[in-house]
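Excluded from the calculations below are hydrogen atoms, water molecules and symmetry mates; all remaining heavy atoms, backbone and side chain alike, are included.
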Amino acid sequence: MRFFPLALALQAAWASLCQAAMQHYPAAWGHYDVCKSQVYTDEGLTWDYMACQPEAADMTKYLKVSVDPPNVTCGDPPETYCALENPYMCNNECDAATEELAHPPRLMFDFEGRNPTTFWQSTSWKKYPKALLVNITLSWNKTIELTDDIVVTFESGRPEQMVLEKSLDYGRSWQPYQFYATDCLDAFTMEPKTVQDLTQHTLLDIICTEDYSRGYVWKYDKTVRFEIKDRFALFAGPRLHNMASLYGQLDTTKNLRDFFTVTDLRVRLLRPATGATIVDENNLSRYFYAISDIKVQGRCKCNLHANSCKFDEEKLGCECEHNTTGPDCGRCKRNYQGRAWSAGSYLPIPKGTANICIPNNIGPVNCECFGHSNRCIYIDSINTVICVSCKHNTRGQHCQLCKLGYYRNASAEPNDVNGCIARVCDNELLRCQNGGVCHNNLRCHCTPDFTGLLCEKRRCENELGGCGGLDSGQAALSPPSLPGLLLLLLGMALREAPWAGML
């Protein structure tokens with residue numbers, strides 16, 4: 001009971017320290033802008049490594065865009081367009097041969113704020129009622145992690161049907177991110193939903209929304225969004241004030257992390273804005289797609305092993321730390337494969353865990369397991385290599401001990417596959433020495449003059465002249481029993497305890 005106030009004081013101090021840390025670190029969560037820092041240790045100046053990631057950036061600077069079918073961009077041949085709200089105002093021309101009148105795909109990503117606005121534009125719906133289908137593909141040739149809403153700005157009215165898709169394998173396969181329609185049931189046989197309908201348990205659900213497809217208000221509502229931040233908010237709170245919770249989820253839930261990871265994005269335009277329920281077949285030049293801007297905010301995915309990403313020779317690549325390499329820091333460097341590669345960890349917040357690749361000389365190829373295992377793991381917290389899956393009835397850090405119920409064969413070398421026996425002795429093979437008798441194959445019953453597992457040791461105290469050249473005064477004493485030894489050690493520990501005098 002005397003120690004209870006001390007425990008309370010320690011608990012209060014710890015709580016105060018945690019509170020101070022929580023107040024100090026929120027601004028740094030999610031940045032990890034320093035992968036390593038120099039610190040002084042007993043061995044001198046060294047690097048202190050931590051988990052890290054590049055800062056978020058405008059990823060449209062690094063993409064390649066393709067539009068399919070190839071001839072769907074307007075201007076070849078030149079074409080005149082009418083305004084959606086006024087079919088008789090047809091004074092817009094698209095001509096690929098004239099710079100001022102051309103609308104190539106690159107204008108979806110040029111500088112905003114120009115007057116007049118620049119934009120990509122498709123051909124008109126002149127083949128109605130055949131569907132006007134366009135695929136716009138954004139490719140990075142690199143895995144990136146999305147950090148903000150994807151925003152597409154239309155200049156011709158938002159499409160009445162559209163799908164946003166993602167790829168994680170460089171465009172070999174695709175999966176939907178979100179469906180958009182004026183009527184979700186009619187277009188995709190899906191009940192309409194909004195991101196506000198999602199919960200932590202349904203965050204990965206693919207929904208169809210009608211929020212961005214209304215035709216009559218196209219002059220005022222030009223954007224179509226895929227809401228990343230609203231999904232983050234399901235874990236981090238409405239103003240993203242609890243990023244620690246989000247990072248904890250991203251660190252431990254692979255599907256969640258992959259949900260925000262892409263190599264490519266694809267906008268599938270399925271039906272242009274018409275502004276009405278019926279298409280005016282006499283004025284098909286009113287119907288087309290035009291996009292003035294696409295925003296994609298994100299960062300290079302470097303598996304928390306790099307704090308910067310370089311764009312070299314038209315290609316993004318992580319500048320890897322922690323002895324890792326590859327475009328995503330996804331493997332250990334040569335000669336640093338002493339344990340299996342692992343991504344860095346956000347935990348514990350805020351510093352994270354680097355999971356550094358270690359040199360081969362303390363890895364599996366030099367595992368000191370006496371031939372009883374060929375696999376090791378490195379444990380950061382204790383800076384130790386441990387053998388795993390020990391065979392031949394062995395156990396221990398180096399497979400140097402016998403499993404419970406097995407005994408070390410005293411005549412065997414440490415690397416002997418028969419070093420640990422289930423049967424200590426056998427009367428037929430006369431394993432018990434010096435007249436000892438085997439009992440249940442587990443122990444030798446020795447004659448009074450001998451002791452040891454196999455009765456291989458002489459009892460020195462029974463010889464008047466001593467044992468092994470020692471005189472009677474130096475003769476070894478009989479060892480205490482195991483219970484007596486334990487009581488002796490316990491008594492010594494109690495006497496040496498710093499609080500013994502208080503009892």
Would you please test Leu269 and Ile136 for side chain to side chain contact (heavy atoms under 4.5 Å, CB included) and show each step? CA-CA 8 Å; Leu269 304 173; Ile136 299 171; 4.1 Å; yes
Can you list the steps and then say if Phe260 with Leu250 is a side chain to side chain contact (heavy atoms under 4.5 Å, CB included)? CA-CA 10 Å; Phe260 299 107; Leu250 290 172; 4.2 Å; yes
His445 vs His439, side chain to side chain donor-acceptor pair (under 3.5 Å): CA-CA, chis, key distance, verdict: CA-CA 7 Å; His445 283 180; His439 180 69; 4.6 Å; no
Using the rule given for side chain to side chain contact (heavy atoms under 4.5 Å, CB included), can you reason through Leu316 versus Lys310, listing the C-alpha separation, both sets of side-chain angles and the distance that settles it, and then say yes or no? CA-CA 6 Å; Leu316 280 168; Lys310 63 181 179 180; over 6 Å; no
Side chain to side chain donor-acceptor pair (under 3.5 Å) between Glu319 and Ser308: does it pass, once the steps are laid out? CA-CA 6 Å; Glu319 297 191 294; Ser308 60; 2.7 Å; yes
Between Gln249 and Tyr346, does the side chain to side chain donor-acceptor pair (under 3.5 Å) criterion hold? Intermediate values first, please. CA-CA 10 Å; Gln249 292 292 331; Tyr346 288 109; over 6 Å; no
Pair Asp58, Thr60 - check side chain to side chain donor-acceptor pair (under 3.5 Å), show working. CA-CA 6 Å; Asp58 177 7; Thr60 62; 2.6 Å; yes
Residue pair Leu204, Leu256: steps toward the side chain to side chain contact (heavy atoms under 4.5 Å, CB included) verdict: CA-CA 7 Å; Leu204 305 184; Leu256 183 64; 4.1 Å; yes
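In plain terms, the two heavy atoms of Val67 and Pro105 that are nearest each other are CG2-CG, 3.7 Å. The two residues Asp148 and Gln297 come nearest to each other via the heavy atoms CB-CB, 3.5 Å. Looking at every heavy atom in both residues, Tyr177 comes nearest to Thr261 through OH-N, 4.3 Å. Closest approach of Gly396 and Cys390 over heavy atoms only: O-SG, 3.9 Å. Considering all non-hydrogen atoms of both residues, Arg299 and Glu55 come closest at CB-O, 3.8 Å. Residues Met162 and Val267 approach most closely at CE-CG1, 3.9 Å, considering heavy atoms.
In this structure, the side chains of Lys301 and Asn303 come closer than 4.5 Å at one or more pairs of heavy atoms. Put simply, the side chain of Val65 reaches to within 4.5 Å of the side chain of Leu63, judged on heavy atoms. Put simply, the side chain of Asn434 does not reach to within 4.5 Å of the side chain of Asp449, judged on heavy atoms. Taking 4.5 Å as the limit, every side-chain heavy atom of Ile291 sits out of range of all side-chain heavy atoms of Thr153. At a threshold of 4.5 Å between non-hydrogen side-chain atoms, the residues Phe259 and Leu168 do not count as touching. Annotation: side chain of Val195 is not in contact with side chain of Phe226 (no heavy-atom distance under 4.5 Å). You'll find the side chain of Pro192 stays beyond 4.5 Å of the side chain of Cys208, heavy atoms only. A 4.5 Å side-chain heavy-atom check between Asp68 and Thr137 finds every atom pair outside the cut-off.
A side-chain donor-acceptor contact under 3.5 Å links Glu456 to the backbone of Leu454. In terms of modelled atom types and a separation under 3.5 Å, the side chain of Thr263 and the main chain of Tyr170 share a donor-acceptor contact. Between the side chain of Ser167 and the backbone N or O of Asp169, at least one donor-acceptor pair lies under 3.5 Å. In this structure a side-chain-to-backbone donor-acceptor pair under 3.5 Å is missing from Asp230 to Glu227. Panel note: side chain Thr325, backbone Lys333; no donor-acceptor pair is recorded below 3.5 Å. With Thr202 contributing its side chain and Thr199 its backbone, the two residues share a donor-acceptor pair below 3.5 Å. Panel note: side chain Thr324, backbone Glu321; a donor-acceptor pair is recorded below 3.5 Å. No donor-acceptor distance shorter than 3.5 angstrom exists from the side chain of Arg268 to the backbone of Asn135, with no hydrogens or angles considered. Within the 3.5 Å criterion, the main-chain N or O of Leu347 finds a donor-acceptor partner in the side chain of Ser345. Asp149 contributes a side-chain N or O that, together with a main-chain N or O of Ile228, makes up a donor-acceptor pair within less than 3.5 Å.
Atom CG in Asn415 sits 13.5 Å away from atom CD in Gln400 (nearest 0.5 Å). Annotation: the span from Ser342 atom OG to Ile356 atom CD1 amounts to 12.0 Å, rounded to 0.5 Å. Atom OG1 of residue Thr223 and atom NZ of residue Lys295 lie 9.5 Å apart, to the nearest 0.5 angstrom. Atom CZ of Arg225 is separated from atom OH of Tyr180 by 10.5 Å, given to the nearest 0.5 angstrom. From Leu146, atom CG reaches atom CZ of Phe232 across 7.5 Å, with rounding to the nearest 0.5 Å. One distance of note links NZ of Lys64 with NZ of Lys315; it measures 9.5 Å at 0.5 Å rounding.
Atom CD of Gln196 is surrounded by more than 12 heavy atoms from other residues, nucleotides or ligands within 6.0 Å. Heavy atoms from other residues, nucleotides or ligands lying under 6.0 Å from OH of Tyr336 number 12 at most. Counting non-hydrogen atoms of other residues, nucleotides and ligands closer than 6.0 Å to NZ of Lys166 gives a total above 12.
Between Gln178 and the options Thr209, Ile150, Val224, a side-chain contact (heavy atoms from CB on, under 4.5 Å) holds for only Thr209.
Taken together, Cys320 and Cys329 meet the criterion of an SG-SG distance shorter than 2.5 Å. Sulfur-sulfur distance for Cys455 and Cys446: below 2.5 Å, consistent with a disulfide. Between Cys332 and Cys357 the SG-SG gap is short of 2.5 angstrom. For the two cysteine residues Cys444 and Cys432, the thiol sulfurs sit under 2.5 Å apart. Pairing of Cys369 with Cys399 by a disulfide is not supported, the SG atoms lying 2.5 Å or further apart.
Looking at Asp264 and Arg266, no side-chain N of the basic residue comes within less than 4.0 Å of a carboxylate O on the acidic one, giving no salt bridge. By the 4.0 Å N-to-carboxylate-O rule, Asp328 lies close enough to Lys142 to be salt-bridged with it.
Between Phe235 and Tyr247, the distance separating the two ring centers is not shorter than 6.0 angstrom.
Partners of His398 by ring-ring contact (aromatic ring centres under 6.0 Å, His included), not counting sequence neighbours: none found.
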